Amino acid sequence: MFNVCADPSTLTEFFWVICYLTTAKHFAFYVSFLVVLVLLAIAAPLSLLFGFVATIGTRSSNWIIQIFSKCYINMVRGIPDVVFFLFVPLALDQFFEFIRHKIICFDVVEPIWQGTDFVVCKSAKLPLSTAELWVHQLYAFTLALIAFAIVFGAFAGNVLSGAMRAVPKTQTETGAAFGFTQKQIFWRILVPQMWIYAIPGLSNLWMILIKATPLLFLLGVEDIVYWARELGGSKTSMYAYPHPDWRVYYFAGLLVFYLLMTWASSKVLKRLQIKLSKGQATMAGKELQGY
Amino acid sequence: MSSCWATLQDYGLRSIGIGERILPKTDITICEQVVLIGSGLIWNIYFGIIAVFFGFWFSIILAVGKNHKLALLRIPSESIIFVFRGSPLFIQFFFAYEFFVLLPKVGIEFDLGFITLSAETRWLTRAWLGGLIVLFFNTAAYSAEIFYGAIRSVPSGELEAAEAYGITGWSKFWRIIWPSMLRLAWPSYTNEAIFLFHATSLIFFSGFPAWRQSGDALYYANYFSDKTFNPFLPYPIVAMYFILLTLVIIFIFGVANKYLNRHLDVEQRAKIQISINILR
């Protein structure tokens, strides 16, 4: 990066550190922090949407939709999230390739599962083996994103359906007395009012989501955990910047990063809570008005 | 059926190193998957039970510490709780493993007079001890926050009544605060225990190597999924095992909950529900 860094072996300690921290690989490490933030920025609204749709599903009059959505939002109570993170991307990948295989290579008669192999024709592979590296990375990231949205959608579904139950009955009954239809009651009374009851749960969910982001590593995404292991591992004199095993320091750095993230989030969420409680007929709202 | 019995004998205790050494490689049957994944569950139960048991007592100390007036006691408790609740368990495992690896490899011998125990630091890099230590601190921190909240919500009338009778200090804690605290915290603590058992499945994916392919349930599920290219069988098996485990935990904690609430009217008793709103 800097001209001084041309020959690292001649550097003084101070410049060595500067040069070491600005190598191309370290920039890939810094960019991977952005990957985490991008994942958070997309996964949070997406899982809220999944959760909201599932909550509507649990109130559906169609019993198939109702049972399906109830199973969906309750599964995270009994099954560890890691299981989903390992299963969903793999299952989706096979599902997509299976569909593409059936459409593109409809003339191939051999079965797809051959003993212990999953064989689809070359042109049905996702992404194509000729595709560039970034396509592969984007594909892996997208699958990971879907896995996050599914798992945290189920968590959000739990929070939202609990919040809907917490809206006082008198509110919906008043709506019914005024001749609102069920749909109107849902959209005009229940949905606008449930958020204040959902905020504590959603805040907690945001914290869990932050703390789940290192699991990206399990999904084959080159995230901060990947780079911390890669960069921290001991480097022999074959490398430009030889050093012993420094992984423990890299992971200490990641710990600090996450502590800062959760600490800042909790500050912001507390403020949001206070702001939304203003004027509410709840204990917190009354305290704000000095009752 | 008889072959499945043989599989059970070969692989039933494989995860703790008893039975057949070599894992099934070709022609993997459903029976082998069910047995081996179930065998891995031994590890999840081991980690869960030990961490919950020891973590419980440490969390009480942390909770009381956090509630203490003395900053000398309060600040260390608060810091431990903050660090372990604020960072991902996954990173904690990685950090701890690398930290334990760097420790000098020494053996320490404890002479207890009648028996000599030897402890070696290399054990810390094994999942059964190193992973357990991280889990212990992690669950202690989360539970401490729950118990701290419960101590704060013990009705002040009970405390005043105790003081009026001259009950102070330790006996005030053990006889007045302790039962109420446990009762108030129990539903949330049940949640914590459930999600701790779920979290045990992270250990073998986080730096701690599975020694001689002895791993937990998810480790074997992942193994089968890699070997057969079919994730649709092993992962649902793991899921079934964990759902069963969760039901057992709810049952056991439910019995304890009934005991803690035995003096209250039925309507006043707190019910145990798995709630996502609380912690973890």
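Within every chain, numbering begins at 1; the chains are lettered A, B, ... in the order of the sequence lines, protein sequences first and strands thereafter. In this text, all values refer to a predicted model and were calculated from it rather than measured experimentally.
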Around atom [atom1] of [X], are there more than 12 heavy atoms of other residues, nucleotides or ligands at under 6.0 Å?
X: A:Trp195; atom1: CH2; value: yes
X: B:Arg152; atom1: CZ; value: no
X: B:Ile30; atom1: CD1; value: no

>> Ring-plane angle category for B:Phe90 and A:Phe217, please: parallel below 30°, perpendicular beyond 60°, tilted otherwise.
In response: tilted
Could you look at [X] and say if it's the side chain, the backbone, both or neither that has a heavy atom under 4.5 Å from chain B?
X: A:Val83; value: both
X: A:Leu202; value: neither
X: A:Leu218; value: side chain

Out of curiosity, [X] [atom1] to [Y] [atom2], how far, rounded to the nearest 0.5 Å?
X: B:Phe99; Y: A:Arg247; atom1: CZ; atom2: CZ; result: 15.0 Å
X: A:Leu255; Y: B:Phe94; atom1: CG; atom2: CZ; result: 12.0 Å
X: B:Ser87; Y: A:Leu260; atom1: OG; atom2: CG; result: 11.5 Å
X: B:Asn191; Y: A:Arg77; atom1: CG; atom2: CZ; result: 8.5 Å
X: B:Ser206; Y: A:Leu215; atom1: OG; atom2: CG; result: 10.0 Å
X: A:Lys211; Y: B:Ile91; atom1: NZ; atom2: CD1; result: 12.5 Å

>> Taking side chain as everything from C-beta outward and backbone as N, CA, C, O, which of these in B:Leu218 sits under 4.5 Å from a heavy atom of chain A? Side chain, backbone, both or neither.
In response: side chain
> Given that the side chain runs from C-beta out, which part of B:Phe82 has a heavy atom under 4.5 Å from chain A: side chain, backbone, both or neither?
Replying inline: both
>> With a 6.0 Å cut-off on the ring centroids, do A:Phe87 and B:Phe232 count as close?
In response: yes
>> Less than 4.5 Å apart, side chain to side chain, heavy atoms only: is that true for A:Leu90 and B:Ser225?
In response: yes
> Taking all atoms of both residues into account, what is the closest heavy-atom pair of A:Thr262 and B:Gly86, and its distance?
Replying inline: OG1-O, 2.8 Å
> Looking only at heavy atoms, what is the nearest atom pair of B:Phe242 and A:Pro80, with distance?
Replying inline: CG-CD, 3.5 Å
> Between B:Tyr241, B:Phe95, B:Tyr97, B:Phe197, which has the largest tally of heavy atom pairs under 4.5 Å with chain A?
Replying inline: B:Phe95
>> Out of A:Arg229, A:Met75, A:Met207, return the one with the most heavy atom pairs under 4.5 angstrom to chain B.
In response: A:Arg229
> Hey, is the main chain of A:Gly232 close enough, under 3.5 Å, to the side chain of B:Glu98 for a donor-acceptor pair?
Replying inline: no
> Quick check: does any side chain N or O of B:His198 sit under 3.5 Å from a backbone N or O of A:Gly78, one acting as donor and the other as acceptor?
Replying inline: yes
